[in-house]
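These numbers come from a predicted model, not from an experiment. Side chains are part of it too, since the values below use all heavy atoms of this structure and drop only hydrogens, waters and symmetry mates. Naming: A, B, ... by sequence-line order, numbering from 1 per chain.
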Amino acid sequence: MSLHESELHKLIDCIVTSHHDDCLDCESCARELDCLAERVAMGAKINDLLPEVATHLCCCRDCFEEFEALVAILRAENSGQLDAIG
Amino acid sequence: MLERSFFIPMTDRSNEQWLAELTGAPDIQARALEDLRQRLQRGIFYYLSRERSDLAHLSGQELGQMAEDLAQDATLRVIDNLDSFRGDSRFTTWATKIAVRLAISDLRRSRYKDFSLDGLTAEGEVLPASTGDAFPANAAPTPENATERADVMLKIERALREALTERQYQALSAVALQDVPLEIVAERLGTNRNALYKLLHDARRKLRQSLEAQGLTTDYMLKLFEE
Ligand SMILES: [Zn+2]
Ligand SMILES: [Zn+2]
């Protein structure tokens, strides 16, 4: 086994920087996602609303990807862009 | 700033109306289902065509077909899960959440259809394809701390081998080093994403403890490998 430096950075990042103990799991995060995305799409700051969900989203790439996608669609919807799609 | 809030079309239903109509008499239900499906399809199409650069090679028609298929599946899933709608967001937002999850899952599965955990073992190479070019020129270690870095790398490799179970090792390498989605790794491990998330937490904690036991604090490592 040999680690390369770029991998080492990722590893250090994952065990130290981007990790927090006691954050929500994916299921609890998913339950809050629609409500949160709706408010973020209207301009609210995620950390002001549900900091523990924000923490999970920093820690979990899968949930973050889904959150971002949802916010993007809601923003498009709010600005009327979706009506242009047939 | 929040005043310029939602764009709600005049024809839109309230949450109560959606629920009533989706469970209503056949003709009412059919119309509500079709409206929901179209709405999900527009959202998914927007996402696929505007937010996914990895799909840029597909034609509008291909993306349209994908969106249509996904919206069909998503609508069924929404109906199956109607009981779990709590009403704390707009109904359509909740339904879009379900559609997004389904669409992204599908994209992940097709992108990683050939991914296997088999090669990921603490005895073999972490990344079989990795070569010397993993060292970008500007991040090359200075002679002064090169030995120190090499020593830390050895200790980290040791921690990976000794502190983690095979399963934890595979999960951590796939997710943290190879950027494979949790959902895919969970499937390969025969578990679910939630359980994998917890497993990764345990693995990270054990790794950190092992490093600290070898005298490596996180601050020290961060400083040493700072660019
Ligand atoms: Zn965490
Ligand atoms: Zn998650």
Side-chain angles (χ1 to χ4, degrees), chain A residues 1-39 41-44 56 59-63 65-70 72-86, chain B residues 1-2 5-7 9 39 42-47 50-51 86 88-90 92-94 96-97 100-101 103-104 122-127 130 132 134-136 139 141 149 152-153 156-157 160-161 172 175-177 179 181-183 193-194 197-198 201 204-205 207-208 211 218 221-222 225:
Chain A
M1 178 176 65
S2 64
L3 282 172
H4 288 279
E5 189 154 352
S6 61
E7 297 162 61
L8 198 67
H9 274 289
K10 284 186 179 178
L11 201 61
I12 291 173
D13 188 54
C14 123
I15 56 177
V16 186
T17 323
S18 62
H19 168 64
H20 318 264
D21 284 321
D22 308 321
C23 53
L24 288 182
D25 59 23
C26 297
E27 272 173 26
S28 318
C29 173
R31 266 196 298 275
E32 310 296 335
L33 221 55
D34 46 337
C35 193
L36 187 65
E38 214 164 62
R39 294 163 79 176
M42 287 171 66
H56 180 83
C59 214
C60 178
R61 217 164 38 226
D62 284 31
C63 287
E65 185 179 25
E66 290 155 22
F67 172 71
E68 284 211 310
L70 185 54
I73 294 172
L74 294 177
R75 282 199 179 122
E77 193 173 80
N78 293 347
S79 64
Q81 283 185 76
L82 291 196
D83 296 314
I85 297 172
Chain B
M1 271 147 280
L2 289 180
S5 63
F6 293 125
F7 172 85
R39 184 155 184 154
R42 283 197 296 270
I44 293 170
F45 182 79
Y46 175 84
Y47 175 66
R50 303 288 289 278
E51 301 284 324
R86 297 180 307 181
D88 45 14
S89 68
R90 283 188 295 157
T92 49
T93 302
W94 176 78
T96 303
K97 173 178 78 172
V100 159
R101 175 83 184 249
I104 291 180
E123 305 308 317
E125 291 272 316
V126 171
L127 280 176
S130 60
F135 274 101
R149 285 184 181 212
V152 170
M153 300 248 266
I156 291 178
E157 288 184 358
L160 281 170
R161 266 197 311 274
L172 199 69
V175 172
L177 302 183
D179 297 330
L182 271 77
E183 188 171 24
R193 177 160 133 195
N194 217 35
Y197 183 76
K198 288 172 184 161
H201 257 196
R204 293 196 273 207
R205 190 179 312 116
L207 207 49
R208 202 172 52 210
L211 291 170
T218 51
M221 284 189 293
L222 282 177
F225 289 94

Enquirer: Highest number of heavy-atom pairs under 4.5 Å with chain B: which of A:Cys60, A:Ala37, A:Ala41?
Expert: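 Among A:Cys60, A:Ala37, A:Ala41, the one with the most close pairs to chain B is A:Cys60.
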
Enquirer: Less than 4.5 Å to any heavy atom of chain B: does that hold for the side chain of A:Gln81, its backbone, both, or neither?
Expert: side chain

Enquirer: Give, as side chain, backbone, both or neither, the part of A:Leu74 having an atom under 4.5 angstrom from any heavy atom of chain B.
Expert: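 A:Leu74 touches chain B through side-chain heavy atoms alone.
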
Enquirer: Heavy-atom distance under 4.5 Å to chain A: side chain of B:Val175, backbone, both or neither?
Expert: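 Both parts, heavy atoms under 4.5 Å.
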
Enquirer: Specify which of A:Glu68, A:Arg61, A:Arg31 makes the most heavy-atom pairs with chain B at under 4.5 Å.
Expert: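 Of the options given, most contacts go to A:Arg61.
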
Enquirer: Looking at every heavy atom in both A:Phe67 and A:Leu33, which two are closest together, and how far apart are they?
Expert: CD1-CD1, 3.7 Å

Enquirer: When you check the gap from the basic side-chain N to the acidic O, do B:Arg42 and A:Glu77 get nearer than 4.0 Å?
Expert: no

Enquirer: So do B:Val152 and B:Leu211 actually touch side chain to side chain, heavy atoms under 4.5 Å?
Expert: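 Not in contact.
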
Enquirer: Is chain B contacted by the side chain of A:Cys29, its backbone, both, or neither, given a heavy-atom distance below 4.5 Å?
Expert: neither

Enquirer: Considering residues at least two apart in sequence or located in another chain, which fulfil the side-chain hydrogen bond (donor to acceptor under 3.5 Å, both in side chains) criterion with A:Asp25?
Expert: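 Partners of A:Asp25 by the side-chain hydrogen bond (donor to acceptor under 3.5 Å, both in side chains) criterion, ordered by chain and then number, come out as A:Ser28, B:Asn194.
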
Enquirer: Tell me, side chain or backbone of B:Ile104 under 4.5 Å from chain A's heavy atoms, or both, or neither?
Expert: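 Interface part for B:Ile104: side chain.
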
Enquirer: Do you know the tightest heavy-atom contact between B:Glu51 and A:Ala72?
Expert: CD-CB, 3.5 Å

Enquirer: What's the shortest heavy-atom distance between B:Thr93 and A:Asp34, and which atoms?
Expert: CG2-O, 3.5 Å

